[in-house]
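Because the structure is a prediction, the values reported are computed rather than measured. One-based numbering along the sequence shown.
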Amino acid sequence: MAVIESLPRREREVFETLCRLESSTAAAVRAGLSDPLSDSAVRTLLSRLEAKGLVERTPGPDGFLYSPAQRTEAVAAGALRRMIDTFFAGSAASAATALLGLGQRLTPEEAAALERMIDQAVERKP
């Protein structure tokens, strides 16, 4: 399977848009792009991604439905791991600190979820 970061810019943008949508038609992917391409260009890029094993295509009521071949969570986890390794010397704590430093206010539910994850990470055995 291709590494997302190694994809050409437009293929990566189409793939990331599809991941956000989870399952979609080529037209919906096209509408979700920041700089829309022609319909045929989007279909060509989706076909390339399918050939690389990143995208699956199934018949749907309005044409083909495209979806990431792996669960979006698995793709995100791999991309996040590579980002942590590249920019934070492998330290998830440094990455989390940087994310929290971006200034977004956490809801009480988000803060509680983070506390639970920190407690679990501290209790894990190496």
Side-chain angles (χ1 to χ4, degrees):
M1 182 165 300
V3 175
I4 298 158
E5 290 78 20
S6 68
L7 295 174
R9 181 181 67 87
R10 289 306 244 169
E11 284 183 25
R12 187 175 58 246
E13 183 182 6
V14 166
F15 182 73
E16 289 171 351
T17 300
L18 183 60
C19 284
R20 277 193 303 278
L21 298 171
E22 294 184 5
S23 180
S24 180
T25 63
V29 170
R30 181 176 178 245
L33 296 173
S34 59
D35 183 22
L37 298 166
S38 70
D39 186 53
S40 63
V42 171
R43 290 179 191 282
T44 297
L45 292 171
L46 286 166
S47 292
R48 287 182 189 166
L49 291 167
E50 184 180 9
K52 292 177 180 181
L54 291 169
V55 169
E56 293 178 342
R57 178 179 63 163
T58 57
D62 298 322
F64 287 111
L65 285 176
Y66 297 88
S67 59
Q70 290 185 325
R71 290 188 357 261
T72 303
E73 296 84 12
V75 173
L80 186 56
R81 170 56 40 210
R82 286 186 294 279
M83 183 191 71
I84 290 169
D85 289 344
T86 301
F87 296 106
F88 300 98
S91 171
S94 294
T97 301
L99 287 171
L100 291 172
L102 293 176
Q104 279 190 320
R105 185 178 170 102
L106 296 176
T107 65
E109 294 81 15
E110 290 171 324
L114 282 172
E115 288 174 5
R116 283 191 302 275
M117 291 302 295
I118 291 169
D119 290 343
Q120 289 174 9
V122 169
E123 292 172 4
R124 264 188 229 131
K125 294 181 181 175

- Of all heavy-atom pairs linking Phe15 and Leu54, the shortest is CE1-O, 3.4 Å
- Query: Could you walk me through whether Ser24 and Leu65 pass the side-chain contact (heavy atoms from CB on, under 4.5 Å) check?
  - Reply: CA-CA 5 Å; Ser24 180; Leu65 285 176; 5.7 Å; no
- Message: Counting only heavy atoms from other residues, nucleotides and ligands, does the tally under 6.0 Å from CE of Met83 exceed 12?
- Response: yes
- Message: Going by salt bridge (charged side-chain N to carboxylate O under 4.0 Å, His left out), name the residues that satisfy it together with Arg48, two or more places apart in sequence or in a different chain.
- Response: Glu11
- Item | Shared hydrophobic cluster for Ile118 and Leu100 (ILVMFWY, side-chain gaps under 4.5 Å) | no
- Message: Looking at every heavy atom in both Arg12 and Leu7, which two are closest together, and how far apart are they?
- Response: NH1-O, 3.3 Å
- Query: Minimum heavy-atom separation for Phe88 to Ala98, with atom names?
  - Reply: CE2-CB, 3.6 Å
- Message: Within the 4.5 Å heavy-atom criterion, are Val55 and Pro68 side-chain neighbours or not?
- Response: no
Atom pairs and distances, donor-acceptor, side-chain atoms in residues 107-114, under 3.5 Å, two or more places apart:
residue: Thr107; atom: OG1; partner: Glu109; partner atom: OE1; Å: 3.4
residue: Thr107; atom: OG1; partner: Glu110; partner atom: N; Å: 3.0
residue: Thr107; atom: OG1; partner: Glu110; partner atom: OE1; Å: 3.4
residue: Glu110; atom: OE1; partner: Thr107; partner atom: N; Å: 2.9

- Going from OG on Ser38 to CZ on Arg30, what distance comes out if it is rounded to the nearest 0.5 angstrom? 7.0 Å
- Message: For a side-chain contact (heavy atoms from CB on, under 4.5 Å) check, start with the C-alpha distance between Leu99 and Leu102, then their side-chain angles and the critical distance, and finish with the verdict.
- Response: CA-CA 5 Å; Leu99 287 171; Leu102 293 176; 4.1 Å; yes
- Item | Shortest non-hydrogen contact from Pro8 toward Lys52 | CD-NZ, 4.1 Å
- Message: Side chains of Ser40 and Arg43: any donor to acceptor distance under 3.5 Å?
- Response: no
- Note on the structure: Sorted by chain and number, sequence neighbours left out, salt bridge (charged side-chain N to carboxylate O under 4.0 Å, His left out) with Arg10 holds for Glu13, Asp35
- Task: Compare all side-chain heavy atoms of Thr25 with those of Val29 and state whether any distance is below 4.5 angstrom.
- Result: no
- Item | Gap separating the OH atom of Tyr66 from the CG atom of Leu21, nearest 0.5 angstrom | 13.5 Å
- Message: I need the Leu46 CG to Glu56 CD distance, nearest 0.5 Å.
- Response: 13.0 Å
- Item | side-chain contact (heavy atoms from CB on, under 4.5 Å) evaluation trace for Leu37 with Thr44 | CA-CA 11 Å; Leu37 298 166; Thr44 297; over 6 Å; no
- Item | Approximate separation, where rounding is to 0.5 Å, of Leu33 CG and Leu45 CG | 8.5 Å
